[in-house]
Amino acid sequence: MNVHITEAKRILVANDRGGYTVPTDRLYPFQWNWDSAFVAMGFALYDTDRAYRELERLIEGQWADGMIPHIVFHQPSDTYFPGPNVWRTRHTIPTSGITQPPVFAIALRKVFEAAGSGAEARTLPLYEAALKWHRWWYSARDPEGTGLVALLHPWESGSDNSPAWDIALARVPTTTDTPVVRKDTGHVNASMRPRDEDYNRFIHLVDTYAACGWDPAMQWGKAPFKVAEIQTTAILLKAGEDLEHLAREFGRTEDAAEIAAFNDLTRKAILAQWRPALSRFVSRDLISGEDVEAATQAGFIPLLSLDLEKNIADALVDEMKAWSKGLKVAFPTTKPGIAGWEPKRYWRGPAWAIINWLLIDGFKRNGHPEAAEELRRSTVAAIEAEGFAEYFDPVTGEGCGGLGFSWTAAAYMWLAWT
Ligand code: GLC
C-alpha cells in the first residue's frame, strides 16, 4: 500500500480520543463538527464501524432544538481558548454555542453506502439527527424563508478568518466581557493566525449570544453579524440531496417531500446569487443588505450542489483557472494579489485539502473532469511533499498551521485512493 495512506491512517489513530478524532493534538483538542464529517468519510474507506462511531459521538453534542455545535468538549483541556466557561451553554455535555457547515449528511450517505446491507438500523438515528439539524438550519437561520442560511459568527463558516467577513466583522465592537486569553498563538506562529483585534470581535459575539441564553430567535434579533452565506448554503444543499436520498431508501416519503422542498427553495436562492460580472456566486450581508463581493473560494462551492448551465460552469472554471495561474498549489482561498490576500494566513489565501475535495466533486458534477483531475493531482502532490498539514501556502507549497491534521489525512485517502 502507498506509504502515505499508511501514514494517513496512523494520523487518525494518533488523533483518536475514544471514538472521536481531534483535528490535531493541542491546537484543537476536542471534537469539531465538519472535521468529524470529513474524517468519517475517510474511515468509510476501510473501517465503517469507526466511521459510524465518529458521527455517533458528534451527535452526543446535538442540542434539543436540533443544532449540532461546532465543538463538543468531551474532555477538558487547557490548550484551547475559548473553552466551555466562555461559551456558557446548557447542553448535558459541554459544547460551543455556534454551528459549522453541515457536511454531516454527505458523510452519512457515504458511510451507509460503504457499510452495505444491514446498516439501516445503525444509520437511522444518525439520519434523524441530520434531519433535525437541517430543520434547525431552515427555522433558526432562515426564519424569513429565503432559501439562504445565515451565519451569526464567522467561525460558523469553517473559513474563520476569511476576507469575506472583513466588512461585516468591522461593525462588531472589540469590547468583551470575557478576558481574551489566546492559546492558538502558543502552538502556531502568530503570523498565520487571526489578529488580536478580530479575536476580540469573535468573543464579543460569543458574549452577545450567551446573554441571549443561546435562544435562536433572540440571537437573530440581537446579532451584530448576520451573513447569508453561499458556501454553507451550497453545502447544506448537497447534504440535503443526500438526506433526501436516504429518506427514500428508508421509505420515509413524508420526510423526503419535506427535504425536497428545502432543496428546491435553496437551489433557486443560490442561483439568484450568481454574479456574471464577477464570475462567482456571492453571499449577502443581512445587516447592510449588500452583496459580499470579497473574492474567496466560497463563491465557487455551488459547483458541488447544482447542475449548472454550461455557460455558468465554464465561467466558474475559467475564473478559477485565472486565480490558480502560476501557483504551486491550487486552490487559493482568496484571490491572489488582492488587498486581503495573505498566502500563509489562515483562510486568507492558503489552499485547504478539504475545500479542494469539495471543488473536485463540483467539477466532476458539472462536466469538468480534467479540471477535477488537475486539482486532485496538485492536492495529492502537496500532501506527499509536505505531509498532512492543516493547509498549504499556494505560492511556495509549504505546509502550514497545525501538522498531523485529521481532515487532511481523510482528504488524502479520498483523493489518492479512490
Ligand atoms: C479552524 C478552521 C475550522 C476547523 C477547525 C478545526 O477553526 O477554521 O474550519 O473546523 O480549525 O480544524
Side chains of [X] and [Y]: is there a donor and an acceptor less than 3.5 Å apart?
X	Y	value
Asp314	His368	yes
Thr334	Trp347	no
Gln273	Ser283	no
Thr266	Tyr138	yes
Ser36	Gln31	yes
His70	Glu156	no
Asp215	Tyr209	no
Asn200	Thr176	no
Tyr52	Thr123	yes
Asn15	Thr21	no
Thr379	Asn356	yes
Asn263	Glu244	yes

Is the [X] to [Y] ring centre distance short of 6.0 Å?
X	Y	result
Tyr127	Phe112	no
Tyr20	His74	yes
Trp87	Tyr80	no

Heavy-atom closest contact ([X] atom, [Y] atom, distance):
X	Y	value
Asp65	Pro216	OD2-CG, 3.6 Å
Val329	Ala351	CG1-CB, 4.0 Å
Asn2	Glu384	ND2-OE2, 4.1 Å
Glu7	Phe388	CG-CE1, 3.4 Å
Trp165	Pro154	CD1-CB, 3.6 Å
Ala353	Thr408	CB-CG2, 4.2 Å

Mind checking whether [X] and [Y] have side chains closer than 4.5 Å, heavy atoms only?
X	Y	result
Trp137	Met67	no
His134	Leu236	yes
Pro69	Ile98	no

Counting N and O atoms only, with roles assigned by atom type, does the side chain of Asp166 sit under 3.5 Å from a partner on the main chain of Gly340, one being a donor and the other an acceptor?
no

Q | Backbone N/O of Thr146 and side chain of Asp142: donor-acceptor pair under 3.5 Å | A | yes

Aromatic [Y] / basic [X] pairing, under 6.0 angstrom, 45° off normal:
X	Y	result
Lys226	Trp220	yes
Arg182	Phe81	no
Lys132	Trp63	no

(message) Let's go through Lys344 and Glu398 carefully: what are the C-alpha distance in whole Å and the side-chain angles of both, what is the deciding distance for side-chain contact (heavy atoms from CB on, under 4.5 Å) to 0.1 Å, and is it a yes or a no?
(response) CA-CA 9 Å; Lys344 277 197 176 37; Glu398 187 190 339; 3.1 Å; yes

Next on the checklist: Set out, in order, the CA-CA distance, both residues' side-chain angles and the distance that settles side-chain contact (heavy atoms from CB on, under 4.5 Å) for Glu386 and Cys400, then state yes or no.
Outcome noted: CA-CA 9 Å; Glu386 291 283 318; Cys400 300; over 6 Å; no

Paired with Asp16, the salt bridge (Lys or Arg N to Asp or Glu O under 4.0 Å) test is passed by just one of Arg50, Arg10, Arg57, namely Arg50

Report the C-alpha separation of Val282 and Leu278 in whole Å, then their side-chain angles, then the decisive distance to 0.1 Å, and conclude whether the side-chain contact (heavy atoms from CB on, under 4.5 Å) test is met. CA-CA 9 Å; Val282 296; Leu278 300 175; 3.8 Å; yes

Go through the steps for Asp285 and Arg171 under the test side-chain contact (heavy atoms from CB on, under 4.5 Å), then give the verdict.
CA-CA 12 Å; Asp285 184 329; Arg171 292 185 210 113; 2.9 Å; yes

By the definition side-chain hydrogen bond (donor to acceptor under 3.5 Å, both in side chains), identify the one residue from Trp407, Trp352, Tyr28 that meets it with Glu390.
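With Glu390 as partner, Trp407, Trp352, Tyr28 yield a single side-chain hydrogen bond (donor to acceptor under 3.5 Å, both in side chains), made by Tyr28.
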
#### Entry: SB check Lys335 Glu342 (cutoff 4.0 Å)
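Judged by the 4.0 Å cut-off on N to carboxylate O distance, Lys335 and Glu342 do not form a salt bridge.
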
